[in-house]
Amino acid sequence: MQDVGKLAQVSAMTVSRVLKNDPGVSEATRERVFSAVDRLGYRRNETARSLRLGGSGMIGLVVTNLANPFYSRLALGVQEVATEFGFRVLLGNSAEQTDREPELVDDLVDHQVEGLIVVPAGSRQQHLAGAMRRVPVVLAARPPAGLDTDCVLVDDFHGAREATASLLADGHTRIAFLGNPPALYTGAERLRGFWAAHEEVGIEPDSGIIRQGLTDALTAERATRELIEGSDRPSALFCTNNRISQGAIRALYKAGTTIPIAGFDDFDLSDVLGLPLTIVSYDADEIGRQAARLLIGRLGHSDAEPPAARRITVPTRVVRHGAAPGADAGPAPTE
């Protein structure tokens with residue numbers, strides 16, 4: 001501002017008033033200042049300005065896989081609420097690497113974010129305890145492990161139970177389970193819901209057709225192919241996330257067959273594929289919105305004794321697409 005003022009032959013304070021559109025500045029002075037701004041390529045340092053006013057005006061968000069539409073929607077939800085309250089969002093992607101997450105968290109804190117929203121990559125969260133000594137931290141999609149902090153979760157158990165129950169009601173008694181790593185909270189809760197639905201109708205799931213530790217569409221495709229090529233293949237599949245569902249669909253397509261699939265997370269074109277799909281749907285944006293509201297609420301809390309940790313659960317609903325053949329349905333005709 002001093003450089004702009006020198007070139008425009010005004011004070012730095014006058015430059016500030018012009019940039020703030022102060023109506024008390026004459027048009028001639030305004031033109032000289034903007035001309036100097038253009039010549040020097042001046043841009044106001046918003047980070048320095050925010051720090052001078054008492055904070056950076058930024059919050060950090062760490063997700064595990066930005067390529068997954070779920071995390072993209074979650075980030076949009078965070079952005080929506082952050083913008084409403086005048087905050088900007090710095091985003092980090094851990095790529096589901098537990099050793100990368102602490103570096104991301106430290107880097108965001110070092111960049112003066114006022115708070116953090118984190119989707120933990122694993123169950124070890126000691127590094128977040130260190131961050132919490134400097135800024136508020138809210139967890140999303142997975143609960144705190146040994147931490148006393150706010151979190152926003154999906155109703156994983158009831159969603160999995162309801163979707164599995166719908167397959168059982170169609171007459172399927174051999175439902176394969178295709179799940180992400182069991183160490184993840186979502187994987188464990190969705191397996192628990194899958195198991196509970198079987199117990200409610202007096203059926204014990206066949207452990208021989210339970211596959212866990214699947215990390216992407218490719219591993220899910222391989223697991224599905226092994227299951228359907230076996231001598232006693234399942235009559236339906238339950239998938240714990242959208243990437244696993246997509247991998248299973250690709251395996252069935254390549255094999256020229258169709259069996260019902262129930263899966264967590266909606267995905268593009270799921271309603272027009274013409275396949276018997278049961279989707280556990282929920283508002284991923286709302287997870288981000290709720291997490292951002294919790295965090296900003298912490299930032300605005302000036303009491304010496306902060307409120308107790310809060311947990312919000314976003315509800316699920318089951319949506320059915322395409323036909324829903326029973327357990328005796330055979331392979332789809334091929335051309």
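- In this structure, Asp150 pairs ionically with Arg298, as a charged nitrogen and a carboxylate oxygen lie closer than 4.0 Å.
- Taking the side chain as every heavy atom from C-beta outward, Met58 and Glu114 never approach each other to under 4.5 Å.
- Put simply, OG1 on Thr313 and NE2 on His158 are 10.0 Å apart, with the number rounded to the nearest 0.5 Å.
- In terms of heavy-atom proximity, Gly179 sits nearest to Ile244 at C-CD1, 3.7 Å.
- Under the 4.5 Å side-chain contact rule for hydrophobic residues, Val119 and Leu184 do not share a cluster.
- Under the 4.5 Å side-chain heavy-atom criterion for ILVMFWY residues, a single connected hydrophobic cluster contains both Leu273 and Leu237.
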- Message: Run the salt bridge (Lys or Arg N to Asp or Glu O under 4.0 Å) test on Asp283 and Arg73 for me, step by step, so that the C-alpha distance in whole Å, both residues' side-chain angles and the decisive distance to 0.1 Å come before the verdict.
- Response: CA-CA 9 Å; Asp283 189 349; Arg73 301 305 314 182; over 6 Å; no

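- Shown here is Arg250, whose CZ atom has no more than 12 heavy atoms of other residues, nucleotides or ligands within 6.0 Å.
- Within the 4.5 Å cutoff, no side-chain heavy atoms of Asp156 are placed close to those of Arg192.
- Taking 4.5 Å as the limit, every side-chain heavy atom of Ile312 sits out of range of all side-chain heavy atoms of Leu153.
- A side-chain contact (heavy atoms from CB on, under 4.5 Å) with Gln212 is found for exactly one of Thr240, Leu178, Leu191, namely Leu191.
- Judged by distance alone, with hydrogens and angles left aside, the side-chain atoms of Asp216 form a donor-acceptor pair with the main-chain N or O of Thr219 at under 3.5 Å.
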- Task: Would you sort out whether Gln125 and Leu139 count as a side chain to side chain contact (heavy atoms under 4.5 Å, CB included), showing the intermediate values?
- Result: CA-CA 11 Å; Gln125 300 175 4; Leu139 302 192; 3.6 Å; yes

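- Environment of CD in Gln9: sparse, with no more than 12 heavy atoms of neighbouring residues, nucleotides or ligands closer than 6.0 Å.
- Residues Ser166 and Thr278 share a closest heavy-atom pair of OG-CG2, 3.6 Å.
- The pair Arg293-Glu84 does not count as a salt bridge, with every side-chain nitrogen at least 4.0 angstrom from each carboxylate oxygen.
- Here CG of Asp265 is found 6.5 Å from CG of Asn68. Values are rounded to the nearest 0.5 Å.
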- Apply side chain to side chain donor-acceptor pair (under 3.5 Å) to Asp266 and Asn242, showing your working. CA-CA 6 Å; Asp266 210 340; Asn242 51 12; over 6 Å; no

- Could you check Phe264 against Asn180 for side chain to side chain contact (heavy atoms under 4.5 Å, CB included), going step by step and ending with a plain yes or no? CA-CA 11 Å; Phe264 239 92; Asn180 43 349; over 6 Å; no

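- Remark: Arg124 CZ is loosely packed, at most 12 non-hydrogen atoms of other residues, nucleotides or ligands lying under 6.0 Å away.
- More than 12 heavy atoms of other residues, nucleotides or ligands sit less than 6.0 Å from atom CG of Asp99.
- Using a 4.5 Å heavy-atom cutoff, the side chains of Val137 and Val105 are not in contact.
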- Using the side chain to side chain contact (heavy atoms under 4.5 Å, CB included) rule, take Phe87 and Thr83 through it: C-alpha gap first, then chi angles, then the decisive distance, then the call. CA-CA 5 Å; Phe87 287 89; Thr83 300; over 6 Å; no

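- Closest of all the heavy-atom pairs between Ile259 and Pro234 is CD1-O, 4.0 Å.
- Follow the hydrophobic side-chain contacts under 4.5 Å out from Val201 and you reach Ile210 in the same cluster.
- For the pair Thr29 (side chain) and Val25 (backbone), a donor-acceptor distance under 3.5 Å is absent.
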- Item | Audit row: Asn241, Thr186, side chain to side chain donor-acceptor pair (under 3.5 Å) steps and yes/no | CA-CA 9 Å; Asn241 63 38; Thr186 52; over 6 Å; no

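- A chain of hydrophobic side-chain contacts below 4.5 Å, direct or via other Ile, Leu, Val, Met, Phe, Trp or Tyr residues, connects Ile203 to Phe238.
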- Stepwise, does the side chain to side chain contact (heavy atoms under 4.5 Å, CB included) test hold for Glu221 with Lys254? CA-CA 10 Å; Glu221 181 181 347; Lys254 290 180 178 179; 2.7 Å; yes

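- For the atom pair Gln2 CD and Met13 CE, the distance stands at 11.5 Å (nearest 0.5 Å).
- Distance check: Ile175 CD1 to Ser235 OG gives 6.5 Å after rounding to the nearest 0.5 Å.
- To the nearest 0.5 Å, atoms CZ (Phe157) and CH2 (Trp195) are separated by 13.5 Å.
- Between the side chain of His111 and the backbone N or O of Asp107, at least one donor-acceptor pair lies under 3.5 Å.
- Within the 4.5 Å cutoff, the side chain of Asn93 has no heavy atoms near those of the Tyr71 side chain.
- A salt bridge links Asp110 with Arg134: the closest approach of a Lys/Arg side-chain nitrogen to an acidic carboxylate oxygen falls below 4.0 angstrom.
- Rounding to the nearest 0.5 Å gives a distance of 11.0 Å between CD of Glu199 and CZ of Arg161.
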- Task: Starting from the C-alpha separation in whole Å, work towards a yes-or-no answer on side chain to side chain donor-acceptor pair (under 3.5 Å) for Glu31 and Ser35.
- Result: CA-CA 6 Å; Glu31 289 180 1; Ser35 176; over 6 Å; no

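- Taking a 6.0 Å sphere around CG of Asp268, one finds it holds 12 or fewer heavy atoms contributed by other residues, nucleotides or ligands.
- When side chains are defined from C-beta on, His321 counts as touching Ile279, because their heavy atoms get closer than 4.5 Å.
- A tilted orientation is assigned to the rings of Phe177 and Phe194, their planes being inclined by 30° to 60°.
- Under the 6.0 Å distance and 45° angle rule, Arg142 does not count as a cation-pi partner of Tyr185.
- Taking the side chain as every heavy atom from C-beta outward, Ile296 and Val81 approach each other to under 4.5 Å.
- The minimum heavy-atom distance between Asp155 and Pro315, with the atom names listed, is CB-CA, 4.4 Å.
- Between the side chains of His127 and Glu101, at least one donor-acceptor pair of N or O atoms lies under 3.5 Å.
- Closest approach of Thr64 to Pro120, counting heavy atoms only: CG2-O, 3.8 Å.
- With hydrogens and angles disregarded, no donor-acceptor distance shorter than 3.5 Å links the side chain of Thr316 to the backbone of Val280.
- For Arg317, the side chain to side chain donor-acceptor pair (under 3.5 Å) test picks out no residue, with sequence neighbours left out.
- Tracing side-chain contacts under 4.5 Å through hydrophobic residues (I, L, V, M, F, W, Y), one reaches Leu19 starting from Leu40; they form part of the same cluster.
- In this structure the side chain of Val135 never reaches within 4.5 angstrom of the side chain of Gln112, judged on heavy atoms.
- Closest heavy-atom contact between Ala248 and Cys239: CB-SG, 4.0 Å.
- Taking the charged nitrogens against the carboxylate oxygens, Glu96 and Arg243 do have a contact shorter than 4.0 Å, which makes a salt bridge.
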